[in-house]
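Notes for the one structure printed next.
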Amino acid sequence: HAKQVGKDSFQLFTPQIGEALRSRQALEHDMREGLQAGQFSLAYQPQYDARRRVLGFEALARWRHPERGWVPPTEFIPVAESSGLIVDLGLVMLGVLRRDLDTWKELGVKCPAVAVNLSWEQCRKLQHRERFLQQLKALHLGPDEVEFELTESAGFEDIDKPDSFVFTLQGLGYGLAIDDFGTGYSSLAYLRRIRCRKLKIDRLFVHGLSSNADSRTLVESMVRVAHAMRMLVVAEGVELPADEAALIAMGCDLMQGFGFCRPVPPDEVPALLAPG
Ligand code: C2E
Ligand code: MG
Ligand code: MG
Ligand code: MG
């Protein structure tokens, strides 16, 4: 950026930018500490079928900062990704998931596979991929207990490589979902390359689709494409009853959103799985 700004580059160091940089560094520092101190937990958002049965969960990272309180993932995930802390976060979250799964098991609750978000940054380096696989193995997290969500990004270009982490995970039997479908790069191109179990349609297309002809057409096409590829379709961000009805009519397999249930702490999960 400095080059483009040229002789005005002193503008890069305005007090505001200095402050933003400091707060970013502070967040990174606090996060590093918080990961050690057990400040991170998972919230679980159920996924429902057309009959409103809970058939899955998505695990979402939560951070309770000792002074700031809850820090939203939209704030700390990008910092974690750019600082490399996402690698540690990913490993810590697997440990948290193991603990939560064990607690539910002790209560006699049988939980369907939980979908864990995986950033491309966690898969880029061989040593990180190996640590992740080691952690899965050490914690005995098998394909019946965990699956993964990947956000399409420019990084998916790497999918052509035979050692691609996506194929490694699939080879071990883990289910994969493409997250936020429709908002990234070359969606259809990589649908052809990787055969995922699930396609998650981003809430950008889902919200208000029953009263928006364009959204409706797009979601209808995505459902048709996914089914033609033998994938299950999950609609994200379902908030309105009219959208739920429209999604069911289109044959959408699973729905997730505030209209059904917000992400809940682990102690509220057993009640969601109780029959009746
Ligand atoms: P995502 O994977 O697309 O997760 C869905 C996000 O949408 C969650 O936000 C969820 O709370 C929110 N959401 C669910 N239903 C609704 C709805 O009906 N309306 C609206 N407006 N929002 C809804 P959250 O928990 O803030 O997470 C944001 C993003 O942070 C996630 O997006 C995911 O990309 C990332 N993230 C969260 N946890 C992890 C993690 O453990 N690892 C990695 N790598 N990324 C994570
Ligand atoms: Mg996700
Ligand atoms: Mg998503
Ligand atoms: Mg998202």
Side-chain angles (χ1 to χ4, degrees), residues 40-50 52-63 70 72-78 80-81 86 89-101 103-104 109-120 122-123 132 136 139 141-153 166 169 174-184 196-207 222 226 231-239 243-244 247 252-273:
F40 286 78
S41 60
L42 285 168
Y44 298 89
Q45 190 175 33
Q47 299 173 335
Y48 296 81
D49 71 0
R52 289 190 164 239
R53 291 177 301 190
V54 175
L55 294 194
F57 286 92
E58 176 175 9
L60 295 154
R62 293 292 178 260
W63 180 18
W70 297 103
T74 45
E75 192 176 335
F76 69 78
I77 294 288
E81 283 176 338
I86 195 75
L89 177 76
L91 299 172
V92 168
M93 290 300 96
L94 289 183
V96 170
L97 175 62
R98 178 71 274 162
R99 199 187 61 207
D100 291 342
L101 286 168
T103 307
W104 301 331
V109 176
K110 211 194 158 318
C111 185
V114 174
V116 167
N117 288 284
L118 207 51
S119 290
W120 192 249
Q122 292 168 261
C123 319
F132 193 81
L136 284 174
L139 295 169
L141 283 169
D144 53 327
E145 290 183 302
V146 62
E147 53 186 43
F148 300 102
E149 289 188 8
L150 286 143
T151 305
E152 59 178 321
S153 71
V166 173
L169 290 171
Y174 291 101
L176 292 176
I178 292 169
D179 205 355
D180 305 333
F181 185 71
T183 58
C196 283
R197 193 177 289 172
K198 289 176 182 166
L199 189 72
K200 297 191 77 176
I201 301 177
D202 194 78
R203 70 164 182 273
L204 179 76
F205 305 102
V206 171
H207 188 83
M222 290 189 233
M231 301 171 86
L232 294 172
V233 180
V234 186
E236 298 191 288
V238 185
E239 296 183 3
D243 291 341
E244 178 191 350
L247 286 161
C252 178
D253 303 286
L254 292 165
M255 291 165 288
Q256 180 183 343
F258 295 171
F260 291 87
C261 187
R262 296 210 165 227
V264 298
D267 57 307
E268 289 179 34
V269 164
L272 293 168
L273 289 168

Supply the atom-to-atom distance Thr183 OG1 to Ile201 CD1, rounded to the nearest 0.5 angstrom.
11.5 Å

Note, Pro46 side chain near Leu273 side chain (heavy atom, < 4.5 Å):
no

Rounded distance [0.5 Å steps], CG in Asp243 versus NE2 in His207
7.0 Å

Contact summary for Gln122 and Phe132, nearest pair of heavy atoms
NE2-CE1, 4.1 Å

Flag side-chain contact, heavy atom, 4.5 Å: Asp179 against Phe148
no

Contact summary for Pro266 and Trp104, nearest pair of heavy atoms:
O-NE1, 2.9 Å

Nearest non-hydrogen partners of Ala113 and Pro143, listed with the distance
CB-O, 4.3 Å

Min side-chain heavy-atom separation Val269-Val109 under 4.5 Å:
no

Among Lys200, Glu236, Arg203, find the one that has a side chain to side chain donor-acceptor pair (under 3.5 Å) with Gln256.
Lys200

Please name all residues satisfying side chain to side chain donor-acceptor pair (under 3.5 Å) with Glu81, sequence neighbours left out, ordered by chain then number.
Ser119

State which residues pass side chain to side chain donor-acceptor pair (under 3.5 Å) with Asp49; sequence neighbours excluded, sorted by chain then number.
Arg53

Evaluate the side-chain proximity of Leu101 to Leu141: yes if any heavy-atom separation is below 4.5 Å, no if none is.
yes

Specify the closest pair of heavy atoms between Gly142 and Tyr174, including all atoms of both residues, with the distance to one decimal.
C-CE2, 3.5 Å

Look at the aromatic rings of Tyr48 and Phe260 and report parallel, tilted or perpendicular, splitting at 30° and 60°.
parallel

Measuring only between side-chain heavy atoms, which start at C-beta, is Val116 closer than 4.5 Å to Met93?
no

Search all heavy atoms of Pro73 against all heavy atoms of Pro78 and return the closest pair with its distance.
O-CD, 3.6 Å

Do the side chains of Leu272 and Cys261 get nearer than 4.5 Å, heavy atoms only?
yes

Give, for atom CZ of Phe76 and atom CZ of Arg62, the distance between the pair rounded to the nearest 0.5 Å.
7.0 Å

Taking side chain to side chain donor-acceptor pair (under 3.5 Å) as the test, write out the residues that go with Glu244, two or more places apart.
Arg52

Any side-chain heavy atom of Ile86 within less than 4.5 Å of one from Ile77?
yes

One should read off an interatomic distance between Asn117 CG and Thr151 OG1, to the nearest 0.5 angstrom, of 6.5 Å

Exercise: do Glu58 and Gln45 side chains pair donor with acceptor under 3.5 Å:
no

Rounded to the nearest 0.5 Å, the CG atom of Leu232 sits from the NZ atom of Lys198 at a distance of 6.5 Å

What closest approach, in Å, do Phe181 and Met222 show between heavy atoms, and which atom pair accounts for it?
CD2-SD, 3.6 Å

How many angstroms lie between CZ in Arg99 and CG in Leu42, if you round to the nearest 0.5 Å?
8.5 Å

Please determine which of Leu55, Leu199, Val233 meets the side chain to side chain contact (heavy atoms under 4.5 Å, CB included) test together with Asp253.
Val233

